[in-house]
Each structure stands twice: as C-alpha cells, then as structure tokens.
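Note that the structure is predicted; figures quoted are calculated from it, not measured. Naming: A, B, ... by sequence-line order, numbering from 1 per chain.
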Amino acid sequence: MASFLNSSIGKKFLMSLSGLFLISFLLVHLIVNSMILFDKSGVLFNNAAHFMGTNPIIRVVEPILAIGFILHILYAGILTLKNQWARPVGYDKQQSGNSSTWASRNMFVLGSLVLIFLVIHIANFFWKVKFSGSELLESGTVDGVENTYNLVTTFFINWWWIDIVYVIGAVVLGLHLTHAFWAAFQTLGLSDNRWRKRLEFLGWVYTIIVAGGFAIIPLWVKISSLL
Amino acid sequence: MDLTLKVWRQENRKAKGRFETYSLKNISPDSSFLEMLDVLNEQLVMQNAEPVAFDHDCREGICGMCSLFINGRAHGPDESVTTCQLHMRKFKDGDTIVIEPWRAGGFPVIKDLIVDRNAFDQILQAGGFISVNTGSARDGNGILIQKEKSDEAMDAAACIGCGACVATCKNSSAMLFLAGKVSQLALLPQGRPEAVRRAKAMVAKMDELGFGACTNTGACEVECPKNISVAHIARLNREFLLANLKP
Ligand code: HEM
Ligand code: SF4
Ligand code: FES
C-alpha cells in the first residue's frame with residue numbers, strides 16, 4: 001500500500017478517484033441549486049437545501065466529500081511539485097500550443113483558483129447555514145425551514161461583484177473540467193482510442209451543463225430582480 | 001538558404017552551458033537537418049573551433065539516436081518524424097533556428113546537444129523483457145495470437161526510445177515510453193506470466209530516476225515520431241493498478 005501511494009501512478013489514482021467523486025458531487029449540487037431558477041417563492045429550493053442539510057445519507061457523505069477535497073488538493077500539490085522538479089533546467093524556447101491544451105498544462109493554476117473561489121463560497125453560504133447563522137436565514141421562513149433562498153438571492157441581488165466572482169468561478173471550474181473528465185478515466189486505465197473520443201465528448205457535455213448552470217444562477221437572479 | 005543558428009554549447013556534464021550564434025550560407029533546402037549541422041561543423045573545424053556534439057546513427061528514422069529540441073519542438077516542426085528525417089525545406093530562408101538538448105532531470109546533458117538517455121536502458125532492464133529458455137528457436141506460429149492484438153503490440157513496439165516524449169512533456173514524464181514497452185509485452189501471451197512483476201518494477205524504476213508523473217496532456221503522443229498512442233498509457237495504468245491488487 002505504501003509503495004503504491006509512493007508511486008506516481010498510485011498518486012494519480014487518488015487524484016482521479018477524488019476528482020470523480022467531486023465531479024458527481026457537483027452534479028448533485030447543481031441540481032439542488034437549479035431549484036432557485038424554477039420557483040420564485042423560494043420554497044422549492046429551501047426544502048431541497050433543508051433536505052440536503054438534514055438527510056442522514058448526505059450527513060455521512062459530507063465528511064467524505066471534505067476528505068475528497070483535501071486528498072485532491074494535497075496530491076495536486078505533491079504531484080505538481082514533483083513534476084516541476086523533474087525538469088531542473090527549462091527550455092529557452094518551447095512551443096506547447098500545438099500539442100496540448102492550455103487547460104491541461106495549467107491544472108494547478110486552475111485548481112488553485114477553484115480553491116480560492118471555494119473559500120469565498122463557503123464563507124458566503126455554507127458557513128452561515130451550518131454554523132454562524134444569519135438574519136437573512138431567519139426572515140420569511142415557512143414551517144421553520146431556514147430561508148436559504150433569501151440568503152442566496154440577497155447576496156446575488158445586492159452585490160454585483162459577487163455575481164462576477166461566481167461567474168468567474170464557474171468558468172475556471174469549467175476549464176479545469178474540460179481536461180479533468182477524460183483524464184480521470186485515462187488514469188484509471190478506463191480509456192482507449194475509441195473510448196477517448198466518447199469520454200471527451202461526454203466531458204464537454206458535462207462541463208457545459210455544470211459550468212453553464214453554475215454561471216446562469218447568479219446572473220438569472222440578478223437580471224430577474226432588475227426586470 | 002541563409003540561416004542563423006542559436007545552438008546550446010556545454011563542455012561537459014558539470015559545465016555551465018550557453019547559447020552560441022552561428023551564421024550559415026547556401027544551405028540546400030533538400031538537405032536534412034543533420035546534414036545542415038554537418039555543414040556547420042565543417043565550418044567550425046575550418047575555423048579551428050570545437051564542432052557541435054549531437055547524437056545520430058542510422059539517419060533513417062529507425063534507431064532513435066538523434067534528438068534535438070528545434071524551435072521549441074522535439075524533433076522540430078515536421079509531424080511524426082525524427083530529426084534525421086527532418087528536411088530544411090520545412091524552414092524559410094533567413095530563419096533563426098534555436099537548437100537545444102532534451103531538457104529533463106532524467107536526461108543530463110553530457111556535451112552540447114547530447115544527453116544521457118541511459119535512464120531508458122535502466123527502465124528496460126527493470127522489466128522490459130520476457131524470460132525464455134535458450135536453445136532452438138521456437139515455432140513462430142506455435143502460439144496463436146489475435147490479429148488485432150498482434151497489430152496493437154506491433155504499434156507499441158514501434159517505439160525507438162528517442163526520448164521526445166520526455167523532452168516534450170511539461171512534467172518530463174517517461175510514461176509514453178514506458179507504456180509502449182509495457183504494452184508490447186502485455187498484449188501478447190508470452191508477456192503475461194511476468195506482467196505483474198514487470199508493471200511494478202518498471203514504474204518503480206521510472207519514478208526512482210526522477211521522471212515526472214503523467215498529467216494526461218497528450219503532448220507526448222503528438223510529438224512522438226512513431227505515433228505511439230496515449231491509449232497505451234491507459235493500458236499501463238490498468239496493468240499497474242491490477243498488479244497492485246494482486247497479493
Ligand atoms: C470541485 C472541484 C474539482 C473537481 C471536480 C476536480 C476534478 C479533477 C479531476 C477529475 C482531475 C483529473 C485527475 C486525473 O488526471 O486523473 C483533476 C486534476 C487536477 N486537479 Fe482537480 N478538481 C477540482 C478541484 C481542484 C482543486 C481545488 C485543486 C487545487 C489545487 C485541483 C488541482 C488539480 C490538479 C493540479 C490536477 C492535475 C493533476 C495531475 O494530473 O498532475 N483541483 N481534477
Ligand atoms: S514513445 Fe515515441 S517519443 Fe517516446 S521514446 Fe518512444 S518513439 Fe520516442
Ligand atoms: S539517427 Fe537514427 S533515428 Fe535519427
């Protein structure tokens with residue numbers, strides 16, 4: 001086991017598994033958030049958010065999710081450092097654009113930006129719902145369910161820069177995903193010349209839905225408040 | 001063609017290298033890149049200067065000795081060829097050409113443009129073989145092999161060990177080379193008995209020699225003169241992961 005995790009492929013195995021776990025989490029997260037778009041009263045989203053916050057299965061998955069993030073970030077750092085050390089003297093001139101995508105060469109930069117976004121995002125919402133509380137959560141509640149809809153939309157409507165941060169966050173995440181999706185399967189050995197095309201296509205579909213979806217929510221809330 | 005060359009010069013492993021600039025006149029567009037360097041070296045010898053050291057042997061794209069990072073690309077601007085098969089017609093009159101050695105911790109520079117690719121031999125020695133008894137040669141068709149499998153193994157075996165994959169990879173990863181070597185044996189029945197040991201030993205050796213990990217950028221496959229596909233890297237990953245599941 002130790003020698004497996006010490007190997008380059010073993011570390012990549014963990015990156016890939018944790019990444020796939022995060023990929024499935026993102027889809028569930030988006031489905032819950034999309035309730036914001038479908039019900040202006042907020043009841044639908046509040047109930048969905050409440051269900052996610054209290055459901056025993058989700059309570060168990062939550063710490064696993066945290067571990068997934070930590071593993072992914074930890075090994076991202078270890079691998080990126082090791083990979084940089086592998087070329088002590090660089091090239092004077094290197095053309096990379098013709099042979100690989102920009103996203104694939106900048107996964108650490110993109111991942112780090114996602115992490116910065118994540119901290120802002122957790123401080124905005126998750127932290128308040130879970131721990132510190134907020135007046136916005138208390139006002140206009142129905143059946144004692146906390147008014148998460150009010151918290152989220154107030155942020156998106158009152159501060160335009162929050163909308164911009166969220167759209168940028170979605171774009172950066174999307175760029176990470178354009179490379180990540182197929183790569184995760186390739187790392188697990190679950191790809192070949194035929195499946196690569198299919199997985200890359202699926203990756204694009206997933207990326208457009210997830211990045212597009214997360215970008216549309218703040219924009220929709222802000223724009224519909226102006227109408 | 002008249003050309004300006006910016007060439008990496010370095011006396012030995014320890015010395016600090018530098019770029020030297022040379023001018024060449026009247027180079028035929030039909031000459032190969034290495035012939036152009038031969039002309040440069042003749043010119044240097046006439047001036048009593050030290051010729052530029054570079055690797056080459058067959059000059060017909062089969063041995064894997066030639067290398068060179070030319071204008072920012074391994075084996076230069078042409079697709080799917082080695083430097084010895086690159087022709088000067090791929091350049092324009094008046095061009096400045098930057099020529100650098102492969103850059104990787106696993107491939108230290110020995111002199112000028114020559115790097116030490118002994119690391120590849122060490123990786124092969126760790127497991128890139130099958131054990132057979134010596135004696136009379138076996139019947140070629142004694143073991144039947146599916147045509148698709150043998151074709152795929154043959155494609156993997158096309159790797160000439162040039163190191164362009166390592167040179168191109170942003171991580172200096174040797175995964176494409178290793179994938180070719182593991183695949184060519186893993187696909188054939190003769191390679192199966194030692195598959196578990198091979199995958200573990202060769203990956204461990206590659207890591208030990210200071211090559212980076214694979215980020216799946218796919219740059220190696222594009223710059224490989226023999227078009228070794230990254231699908232072989234997926235097979236290597238599979239072989240390695242399954243090998244670690246076995247006790
Ligand atoms: C929800 C967010 C994220 C998701 C869904 C995600 C997903 C993935 C996936 C699936 C991979 C491909 C793994 C492979 O090549 O086998 C990957 C690679 C990578 N991720 Fe993330 N990731 C996320 C956040 C982050 C964060 C916060 C970082 C922090 C720095 C990060 C850094 C990286 C790096 C550096 C790689 C490339 C590793 C390598 O191949 O060398 N990611 N990501
Ligand atoms: S995989 Fe291709 S680039 Fe790498 S050593 Fe073999 S022939 Fe050269
Ligand atoms: S000199 Fe043999 S491949 Fe180029």
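- There is no contact between B/Glu208 and chain A, counting heavy-atom distances below 4.5 Å.
- By the neighbour-count criterion of 12 heavy atoms within 6.0 Å, atom CZ of B/Arg18 is densely surrounded, having more than that number from other residues, nucleotides or ligands.
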task: Under the side chain to side chain donor-acceptor pair (under 3.5 Å) rule, what do A/Ser7 and B/Asp207 come out as? Steps first, then yes or no, please.
output: CA-CA 7 Å; A/Ser7 72; B/Asp207 289 344; 4.8 Å; no
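- Counted within 6.0 Å of CZ on A/Phe201, heavy atoms from surrounding residues, nucleotides or ligands total 12 or fewer; the atom is thus considered open.
- For A/Tyr91, the parts lying under 4.5 angstrom from a heavy atom of chain B are both the backbone and the side chain.
- Within a 6.0 Å sphere centred on CG of B/Leu245, other residues, nucleotides and ligands contribute more than 12 heavy atoms.
- Side-chain N or O atoms of A/Lys82 include none that pairs as donor or acceptor with a backbone N or O of B/Ala213 at under 3.5 Å.
- Closest approach of B/Asn216 to A/Trp182, counting heavy atoms only: O-CZ3, 3.5 Å.
- Within the 3.5 Å criterion, the main-chain N or O of A/Pro88 finds no donor-acceptor partner in the side chain of B/Arg103.
- Considering every non-hydrogen atom in both B/Ser229 and A/Asn193, the closest pair reads OG-OD1, 3.0 Å.
- When each of B/Val166, B/Leu242, B/Asn171, B/Val98 is checked for heavy-atom pairs under 4.5 Å with chain A, B/Asn171 comes out on top.
- Annotation: side chain of B/Lys170 is not in contact with side chain of A/Ser96 (no heavy-atom distance under 4.5 Å).
- For chain A, the nearby part of B/Cys169 is the backbone; its heavy atoms alone come within less than 4.5 Å.
- Rounding to the nearest 0.5 Å places OG of A/Ser191 at 10.5 Å from CD1 of B/Ile233.
- For the atom pair NZ of A/Lys12 and OG1 of B/Thr215, the computed distance is 5.0 Å after rounding to the nearest 0.5 Å.
- B/Val203 and A/Ser8 make their closest contact through CG1-OG, 4.5 Å (heavy atoms, listed as atom of the first residue, atom of the second, distance).
- Interface residue B/Ala167: backbone and side-chain heavy atoms are both found under 4.5 Å from chain A.
- For chain B, the nearby part of A/Arg196 is the side chain; its heavy atoms alone come within less than 4.5 Å.
- Minimum interatomic distance between A/Gln94 and B/Thr168 (heavy atoms only, all atoms of both residues): NE2-O, 3.3 Å.
- Around atom CH2 of A/Trp159, more than 12 heavy atoms belonging to other residues, nucleotides or ligands sit under 6.0 Å away.
- Chosen from B/Ala231, B/Ala234, B/Ala104, the residue pairing most often with chain A at heavy-atom distances under 4.5 Å is B/Ala234.
- Between B/Glu223 and A/Asn98, the closest side-chain pair of non-hydrogen atoms falls below 4.5 Å.
- By the 4.5 Å heavy-atom criterion applied to side chains, B/Leu236 and A/Ile9 are counted as neighbours.
- Atom CH2 of A/Trp102 sits in a crowded spot, with more than 12 heavy atoms from other residues, nucleotides or ligands closer than 6.0 Å.
- For B/Gly210 against A/Ala86, the heavy-atom pair with the smallest separation is O-CB, 3.5 Å.
- Highest contact tally toward chain A, considering only B/Ser173, B/Cys214, B/Gly106, is held by B/Cys214 [criterion: heavy-atom pairs under 4.5 Å].
- To the nearest 0.5 Å, atoms CG (A/Asp192) and NE2 (B/His232) are separated by 10.5 Å.
- B/Phe240 touches chain A through its side chain: at least one heavy atom from C-beta onward sits under 4.5 Å away, while N, CA, C and O do not.
- Considering every non-hydrogen atom in both A/Gln186 and B/Val230, the closest pair reads NE2-O, 2.8 Å.
- No part of B/Phe107 comes within reach of chain A, as not one of its non-hydrogen atoms sits under 4.5 angstrom from that chain.
- Contact annotation: the side chain of A/Asp92 approaches that of B/Lys6 to within less than 4.5 Å [non-hydrogen atoms, C-beta and beyond].
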